[in-house]
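To start, the structure itself, in structure tokens.
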Amino acid sequence: MANNLTSALDKKLVLGEDSKDPSPDAKGGSKDDKSLVVCFGEMLIDFVPTVGGVSLAEAPAFKKAPGGAPANVAVGVSRLGGSSGFIGKVGDDEFGYLLADILKQNNVNNSGVRFDPSARTALAFVTLRADGEREFLFFRNPSADMLLRESELDINLIQQARIFHYGSISLIDEPCRSTHLAAMRIAKKSGCILSYDPNLRLPLWPSEEAARKGIMSIWDQADIIKISEDEITFLTGGDDPYDDNVVLTKLFHPNLKLLVVTEGSEGCRYYTQKFRGRVAGVKVKPVDTTGAGDAFVSGVLNSIASDLSLFQVHKGLREALLFANACGALTVTERGAIPAMPTREAVLRCLAQVADKK
């Protein structure tokens, strides 16, 4: 099955060439923005080892791939046939223009991208070691994404969004932190659903306490939160991530419409105001886990943007989460994040194969 899934991801997906995608406008992005998902935050270049199971120091060579969690989600939504946009800052350099062009080629509205003449585009070296742990090395001193100012926000793009999605890396440094908070206020005032994936990257924060405080500072404003088991343990100070009571008492808040806990290849757990449960994962042979969580988020947000009633319909929500699990599974069969984001057709083929095996 792994071979079939890998073959479903044609190499042309690096630039998102798919004849079934809606035609882009001048800035990239679909003309039909009734269910627009706008992602805010960092976009960068990931360098991934050309072989698996090695440390960064052991890697013989690296493959360049566009990345950055919010940008990954924006491309993921578009690959699935949805409408998406991205707001962030890159360097006025070759990598920055490459990233902006990749957004456009992937049919993501890039009118919110800004170019900084004084800072470089961020770089990250990422690997999955033989022991299963991911290893990161970031180059941001500072990088352009940290320098986005409130005056540079594409307010019109935010106001068009049905869902406004963001992480926590943009909360670490000023001026980006204040810009992030301002964008959230604009989105909330415009009636957007706020979606939050903390995407913990401890090496980027000054300390563990700063990370915990920063991530939780905007927790209660989100309508949708996606979190991993490790992030639960971190944010709760070591509590059991599999304990529903821990999740419900420490992380679920009264205004939350959906809290999803991802469990890697095992699938996910979900909590809403009305129900909770678990959806099993889709088994594949992993090559590179980079971007799997972002692909999962893309699947969830694309489904919700198309049908806001999913928060209330248990069967529909479970189907959407199984679809999202398949998005994540397909992504780990390729190296890099954005190059591996699957199309809707590939996800449906994957789910059909899963159904046939039952």
Side-chain angles (χ1 to χ4, degrees), residues 1-18 20-21 37 39 42-54 59 61-82 84 86 98-99 101-103 105-108 123-128 132 134-136 167 197 199 226 228 262 264-265 281-302 323-351 353-354:
M1 179 175 168
N3 291 336
N4 291 337
L5 295 180
T6 304
S7 65
L9 292 171
D10 193 283
K11 293 298 181 184
K12 69 182 180 180
L13 291 183
V14 172
L15 292 179
E17 298 166 9
D18 190 325
K20 294 186 180 181
D21 282 347
V37 177
C39 302
E42 69 279 2
M43 187 174 193
L44 47 90
I45 298 290
D46 281 332
F47 286 93
V48 183
T50 53
V51 297
V54 297
F62 294 89
K63 177 184 175 183
K64 175 178 91 267
N72 293 343
V73 172
V75 171
V77 169
S78 181
R79 285 273 173 84
L80 294 171
S84 66
F86 176 77
L98 169 68
L99 293 174
D101 190 53
I102 284 171
L103 288 174
Q105 294 289 344
N106 278 284
N107 205 26
V108 175
L123 308 178
F125 290 78
V126 189
T127 189
L128 182 69
R134 280 198 294 178
E135 186 181 347
F136 295 91
D197 177 1
N199 195 35
K226 172 260 175 187
S228 70
T262 53
S265 62
V282 175
K283 302 299 182 183
V284 295
K285 183 178 180 182
V287 173
D288 174 23
T289 59
T290 306
D294 302 327
F296 174 88
V297 172
S298 301
V300 173
L301 297 187
N302 186 58
F323 183 90
N325 282 345
C327 291
L330 278 167
T331 301
V332 308
T333 64
E334 284 269 310
R335 296 194 188 282
I338 284 177
M341 293 284 162
T343 62
R344 181 175 185 82
E345 290 74 21
V347 176
L348 293 177
R349 284 197 299 270
C350 170
L351 291 174
Q353 289 175 356
V354 171

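Only heavy atoms go into these numbers, but all of them, side chains included; no hydrogens, no water, no symmetry mates.
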> In Å, rounded to the nearest 0.5 Å, how long is the span from CG of L44 to CG of L99?
Replying inline: 7.5 Å
> How many angstroms lie between atom OG1 of T290 and atom CG of N72, to the nearest 0.5 angstrom?
Replying inline: 9.0 Å
>> Could you check whether any side-chain N or O of S298 sits under 3.5 Å from a backbone N or O of V73, counting only pairs where one atom can act as donor and the other as acceptor?
In response: yes
>> If the condition is side-chain hydrogen bond (donor to acceptor under 3.5 Å, both in side chains), which residues does N302 pass it with, not counting sequence neighbours?
In response: none
>> Within the 4.5 Å heavy-atom criterion, are M43 and P70 side-chain neighbours or not?
In response: no
> Do F47 and V126 have side chains that get closer than 4.5 Å, going by heavy atoms?
Replying inline: no
> So, T331 side chain and C327 main chain: donor-acceptor pair closer than 3.5 Å or not?
Replying inline: yes
> Which pair of heavy atoms, one from V108 and one from F86, lies closest together, and at what distance?
Replying inline: CG1-N, 3.9 Å
> Which pair of non-hydrogen atoms, one from P342 and one from L80, has the smallest distance, and what is that distance?
Replying inline: O-CD2, 3.7 Å
> Under the side-chain contact (heavy atoms from CB on, under 4.5 Å) test, which residues partner A326, sequence neighbours left out?
Replying inline: V282, V347, C350, L351
> What distance separates S78 OG from N107 CG, expressed to the nearest 0.5 Å?
Replying inline: 4.5 Å
>> To check you understand the geometry: which heavy-atom pair defines the closest contact between T262 and S228, and what is its length?
In response: OG1-CA, 3.6 Å
>> Using every non-hydrogen atom in the two residues, find where A337 and G291 come nearest and quote the distance to one decimal.
In response: CB-CA, 3.8 Å
> For the atom pair CG (L348) and CD (Q353), what is the distance rounded to the nearest 0.5 Å?
Replying inline: 11.5 Å
>> Taking side-chain contact (heavy atoms from CB on, under 4.5 Å) as the definition, give me every residue that meets it alongside P49, ordered by chain and number, with sequence neighbours left out.
In response: V54, A59, F62, T127
>> Under the rule for side-chain contact (heavy atoms from CB on, under 4.5 Å), what residues qualify as partners of V48, not counting sequence neighbours?
In response: D46, D288
>> Under the criterion side chain to side chain contact (heavy atoms under 4.5 Å, CB included), I'd like the reasoning laid out for F323 against R344: C-alpha separation, chi angles, the key distance, then a yes or no.
In response: CA-CA 9 Å; F323 183 90; R344 181 175 185 82; 3.7 Å; yes
>> Testing the basics here: between K283 and S265, what is the closest heavy-atom pair and its distance to 0.1 Å?
In response: NZ-O, 3.3 Å
>> My understanding is that only residues two or more places apart in sequence, or in another chain, count here; which of them pass salt bridge (Lys or Arg N to Asp or Glu O under 4.0 Å) with D197?
In response: K226
> At what distance, to the nearest 0.5 angstrom, does CG of L330 lie from CZ of F296?
Replying inline: 14.0 Å
> Considering residues at least two apart in sequence or located in another chain, which fulfil the side-chain contact (heavy atoms from CB on, under 4.5 Å) criterion with L98?
Replying inline: I45, K64, F95, I102
> So do S84 and V75 actually touch side chain to side chain, heavy atoms under 4.5 Å?
Replying inline: no
> If you round to the nearest 0.5 Å, how far is CG of N106 from CG of D101?
Replying inline: 9.5 Å
